[in-house]
Number of protein chains: 2
Amino acid sequence: MSLIDTEVMRGLNTQGALSHEDKALLLGLELTPRYMSASEVLWQEREDTDQFCVVKEGWAYSYRNLKNGSKQIFNFYLPGDIIGIRDFGFTRRLTSVAMINKGVICPFSYQQLFELFGRSSLAVGIVATATRQQAQLSERLIYLGKYSAYEQLTHFLYEIYLRLKRIKAVENNSFFMPLTQELISDALGMSSVHVSRTFSMLREEGLVIRKRQHVMLPDPEALARLVEFNDSYIDEFLPPSFSELLKS
Amino acid sequence: MSLIDTEVMRGLNTQGALSHEDKALLLGLELTPRYMSASEVLWQEREDTDQFCVVKEGWAYSYRNLKNGSKQIFNFYLPGDIIGIRDFGFTRRLTSVAMINKGVICPFSYQQLFELFGRSSLAVGIVATATRQQAQLSERLIYLGKYSAYEQLTHFLYEIYLRLKRIKAVENNSFFMPLTQELISDALGMSSVHVSRTFSMLREEGLVIRKRQHVMLPDPEALARLVEFNDSYIDEFLPPSFSELLKS
DNA sequence: CGTAGGGTTGAGCGAAATCAAATATAGTGG
DNA sequence: CCACTATATTTGATTTCGCTCAACCCTACG
């Protein structure tokens with residue numbers, strides 16, 4: 001999974017906004033693969049910020065260890081996602097990042113990112129990518145604040161499903177999800193015990209079948225209807241006007 | 001309060017990264033003031049996205065009306081803040097935005113933003129601004145997920161205090177805060193009744209004195225210690241290396 | 001002086017946390 | 001291939017935080 005295949009960059013590309021040099025620059029970010037083992041830490045909170053990463057394979061997550069001993073997970077990163085944009089503009093890492101399972105990442109430097117900024121289209125692409133991450137976070141925030149555990153977990157599973165579908169990692173409504181209930185609980189701000197109970201409810205209703213790391217959603221759209229899932233933050237295209245604006 | 005006075009842009013400027021043209025472009029965003037009354041709506045969720053705003057005076061907030069009748073507030077915008085970056089890269093608004101009290105905003109167009117992207121320094125500035133907003137949101141998320149109402153409100157008040165201090169709107173540890181407890185409750189994901197109770201606790205402990213729209217924190221740092229406030233996401237400078245990278 | 005929009009206070013309830021114990025299941029080395 | 005271990009998951013019992021409902025109070029303002 002390459003950056004160039006992400007929603008945002010594909011959008012720019014089909015709008016004809018990416019030159020050969022642009023694409024070359026983008027691909028240049030992914031030349032130095034690094035093989036990561038499960039649980040390996042990419043960086044810790046408060047370390048100096050000096051690079052970003054593209055996930056090529058495997059899942060990663062960003063988190064903060066809290067003073068009360070628990071842990072808050074912010075994001076799960078799937079193949080094709082950029083890790084570290086959140087820290088752009090800060091000298092130190094705001095969160096730690098670690099792999100969930102083994103995988104491959106491609107680190108790239110601030111310098112390389114700045115080269116992208118020299119090209120409007122790519123600057124636009126980066127900002128759009130960053131705001132999409134932010135939009136994802138915002139949706140999570142809604143569910144944390146105002147909805148029940150049941151609705152939260154439902155929303156979470158459907159979001160993962162959509163994101164995986166976009167990168168062609170869903171087959172027959174089934175997908176691989178290397179998350180423990182503990183990890184899910186740290187992301188959703190609930191106890192792992194309650195995650196288990198909530199999974200049981202979903203299972204009894206025939207909405208979610210989960211066997212260790214394999215999840216099947218017999219009727220994904222049923223989940224979406226349950227929580228009135230607003231998929232625009234994941235699925236929407238770039239505004240068509242971007243191509244016009246980039247030409248001027 | 002102008003964009004050019006924000007932390008991020010001042011940082012770039014003192015690093016010598018902003019040319020005269022850059023500054024002119026920035027100031028050009030603030031040429032068309034629009035006077036807004038209290039509660040006036042800037043835009044609604046799902047409307048076409050065609051502009052951004054800088055807040056010159058007054059407070060605004062972004063929110064989503066939820067299917068269960070409640071409302072989730074994402075951000076409060078203070079003078080100097082940019083509204084709408086969250087929607088960049090989407091064709092429709094992800095959230096509604098409205099004024100809290102009366103004020104002045106300066107709208108600017110996508111076209112104008114794209115002109116900024118033609119200049120690396122400003123593109124960097126915009127991304128840094130966007131990620132700072134995201135960082136703010138992330139901190140909120142932590143408190144929503146893992147901390148008690150008491151800790152949440154404490155954190156919230158200290159954050160507002162810090163943001164106001166940065167724009168010189170704090171005097172003698174006192175500041176003007178045009179928020180009802182209802183608005184606060186919609187931001188923090190708790191009931192307004194419980195916000196009231198929590199304010200009472202803070203009052204009894206002598207940590208917060210609140211009279212209508214005026215708040216005084218006798219000992220702000222005491223609040224910060226209570227929640228181990230990590231102020232890097234508000235107060236930290238841009239990485240010094242930015243100036244080097246922008247030259248190349 | 002009356003009213004309306006905040007804010008405060010009390011009582012009862014419920015969702016989810018915590019604590020604790022019992023079961024899977026995957027991996028490991030022998 | 002099996003026994004053993006560590007890690008996940010499930011289930012039950014109890015507690016707690018914060019919600020809801022309801023009444024009441026305050027104060028700014030026409």
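Within every chain, numbering begins at 1; the chains are lettered A, B, ... in the order of the sequence lines, protein sequences first and strands thereafter. Small disclaimer: the values here were computed from a predicted structure and weren't measured.
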Show each protein N/O and nucleotides 26-29 of chain D N/O combination with a separation under 3.5 Å, one pair to a line.
none

Is a side-chain donor-acceptor pair under 3.5 Å present for Tyr61(A) with Lys71(A)?
yes
Arg140(A) side chain reached by Leu137(B) side chain, heavy atoms, under 4.5 Å:
no
Name all residues meeting the side chain to side chain donor-acceptor pair (under 3.5 Å) criterion together with Glu7(A); count only those two or more places apart in sequence or in a different chain, and write none if there are none.
Arg10(A)
Summarise protein proximity over nucleotides 16-21 of chain D in one line of letters, 5' to 3': B for base, S for sugar-phosphate only, - for none, counting protein heavy atoms closer than 4.0 Å.
--SSBB
Taken in chain and number order and not counting sequence neighbours, the residues that satisfy side chain to side chain donor-acceptor pair (under 3.5 Å) with Glu221(A) are Tyr158(A)
Give the first and the last nucleotide of DNA chain C, reading 5' to 3', that has any atom under 4.0 Å from a heavy atom of chain B.
dG6(C) to dA11(C)
Sequence neighbours left out, cut at 3.5 Å: what donor-acceptor pairs do the side chains of residues 171-180 of chain B make with other protein atoms?
residue, atom, partner, partner atom, Å
Ser174(B), OG, Asn172(B), O, 3.4
Thr180(B), OG1, Glu182(B), N, 3.4
Thr180(B), OG1, Leu183(B), N, 3.1

Are any of the side-chain nitrogens in Arg93(B) or Asp48(B) under 4.0 Å away from the carboxylate oxygens of its partner?
no
Partners meeting salt bridge (Lys or Arg N to Asp or Glu O under 4.0 Å) with Glu151(A) (sequence neighbours left out):
Lys67(B)
Which pairs with one or both residues in residues 73-102 of chain A pass ring pair (Phe, Tyr, Trp, His ring centres under 6.0 Å), sequence neighbours excluded?
Phe76(A)-Phe156(A), Phe88(A)-Tyr110(A), Phe88(A)-Phe117(A), Phe88(A)-Phe242(B)
Whole angstrom is fine here: how far is it from CD in Gln213(A) over to P in dA8(D)?
10 Å
Rounded to whole angstrom units, what separation is found between the CD atom of Glu182(A) and the P atom of dA6(D)?
18 Å
Thr95(A) side chain to Glu45(A) main-chain N or O, any donor-acceptor pair under 3.5 Å?
no
Mind grabbing the angle between the end helix axes of the helix from dC1(C)-dG30(D) to dG30(C)-dC1(D)? Five pairs an end, 10° rounding.
40°
Scanning both residues in full, the closest heavy-atom pair of Ser191(B) with Ser185(B) reads C-CB, 3.6 Å
Tell me every residue that passes side chain to side chain donor-acceptor pair (under 3.5 Å) with Arg197(A), counting only those two or more places apart in sequence or in another chain.
none
Contacts of type salt bridge (Lys or Arg N to Asp or Glu O under 4.0 Å), residue Glu40(B), not counting sequence neighbours:
Arg34(B)
Gap between atoms CZ and C1', on Phe199(A) and dT10(D) respectively (whole Å)
13 Å
Give the minimum heavy-atom separation between Cys106(B) and Leu29(B), together with the two atoms involved.
CB-O, 3.7 Å
Could you check whether Asp87(A) pairs with Arg92(A) (Lys NZ or Arg NE/NH1/NH2 to Asp/Glu carboxylate O, under 4.0 Å)?
no
Phe229(A) and His155(A): aromatic ring centres closer than 6.0 Å?
yes
Under 4.0 Å between a side-chain N/O of Ser200(A) and OP1 or OP2 of dT11(D), yes or no?
yes
Every protein N/O within reach of nucleotides 2-5 of chain D N/O, cut-off under 3.5 Å:
none

